[in-house]
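Report on one structure; see the data block that follows.
In the text below, chain A, chain B and the rest are named by the order of the sequence lines, each starting its count at 1.
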Amino acid sequence: MLTADVPPNQSIYIKNINEKVNKEELKRSLYCLFSHFGRIHDVVALKTPKLRGQAWVVFTEVTAASNAVRQMQNFPFYDKPMRIQYAKSKSDCVTKAEGTFVPKEKKIMQEEKVERRQHAEETQQPSMPNGATAVNGRPVPSGQDTVPPNNILFIQNLPIETTGMMLQMLFEQYPGFKEIRTIEAKPGIAFVEFGDDVQSSMAMQALQGFKITPPNPMVISFAKK
DNA sequence: AGCACA
């Protein structure tokens, strides 16, 4: 009832998105924010008059989409609560993959005013900053991630000789970085605070699996509230 | 509020 009567779909439809955020940044943020639920096939966002403030995130699994719809419902994203539903139809990237794609001959190009008020980037695929789709060669898990997003990250599996300074060097390059917190009594773990959940997610995605020393790929998750 | 992908 809450999520409208749209049948499950591997693509989710998100609305009530802050329209001021730049399209490419939006796609990157969505990718980061939702990649914890499973592998993402594509993120679609348009800034046309009809479509701004909305976006689609295409998962490879319906179950990932289901978890995303439930867990991220009303998530404060750029100061506005996300409203998430299943998409009404399959995404083109999906039908293309399964060979059932049909080009739209119905709709002729009637509304083509490519709004390029900003830079004309053409990076279509929301690739990750470090190109990582897996941590340590393992696929990104999707089940254990029931911890909701948090502006504070929990870092594990650090070599015991890691210093706060070393961590700061790594994390301060990401927007919104606030501080590193280590615990004397507990080497090997740390907390890293960011301004908000979106920023912490970006850093997590970028540094997930990063090795300060070869045998110690970082394991980053959201801290529990 | 608004369901597209060229």
Proximity to the side chain of A:V44 - top-ranked nucleotide from B:dA4, B:dC3, B:dG2: B:dA4

field: Partners meeting salt bridge (charged side-chain N to carboxylate O under 4.0 Å, His left out) with A:K80 (sequence neighbours left out)
entry: none

- request: For A:F222, check ring-ring contact (aromatic ring centres under 6.0 Å, His included) against everything at least two apart and list the hits.
  value: A:H36

statement: Students should find that the hydrophobic cluster of A:I152, defined by side-chain heavy atoms under 4.5 Å apart, otherwise consists of A:F154, A:I183, A:I189, A:F191

- prompt: Rounded to the nearest Å, what distance is computed from the CZ atom of residue A:R52 to the P atom of nucleotide B:dA4?
  reply: 16 Å

- line: Assert: residue with more 5' nearest nucleotide on DNA chain B, out of A:K80 and A:L46, is A:K80

task: Could you state the atom-to-atom distance from CD of A:Q10 to C1' of B:dC3 in whole Å?
output: 15 Å

message: Looking at A:S66 and A:V62, would you say the former's side chain and the latter's main chain have a donor-acceptor pair under 3.5 Å?
response: yes

- request: Nearest whole angstrom, please: distance from the P of B:dA4 to the CD of A:Q85.
  value: 13 Å

message: Rounding to an integer number of Å, can you tell me how far A:W56 CH2 sits from B:dG2 C1'?
response: 9 Å

message: Under the rule for salt bridge (charged side-chain N to carboxylate O under 4.0 Å, His left out), what residues qualify as partners of A:E98, not counting sequence neighbours?
response: A:K90

- prompt: Does anything in residues 91-101 of chain A reach DNA chain B, meaning a heavy atom under 4.0 Å, and if so which residues?
  reply: A:S91, A:D92

task: Mind calculating the distance between NZ (A:K15) and P (B:dA4) to the nearest angstrom?
output: 13 Å

query: Taking only residues two or more places apart in sequence, or in another chain, which ones meet A:R181 in a salt bridge (charged side-chain N to carboxylate O under 4.0 Å, His left out)?
result: A:E179, A:E193

task: Can you tell me the distance, in whole Å, between the NZ atom of A:K47 and the C1' atom of B:dG2?
output: 15 Å

- line: Between NZ of A:K90 and C1' of B:dA4 the distance, given in whole Å, is 16 Å

- request: Starting from C1' on B:dG2, measure out to CD1 on A:I84 and report it in whole angstrom.
  value: 16 Å

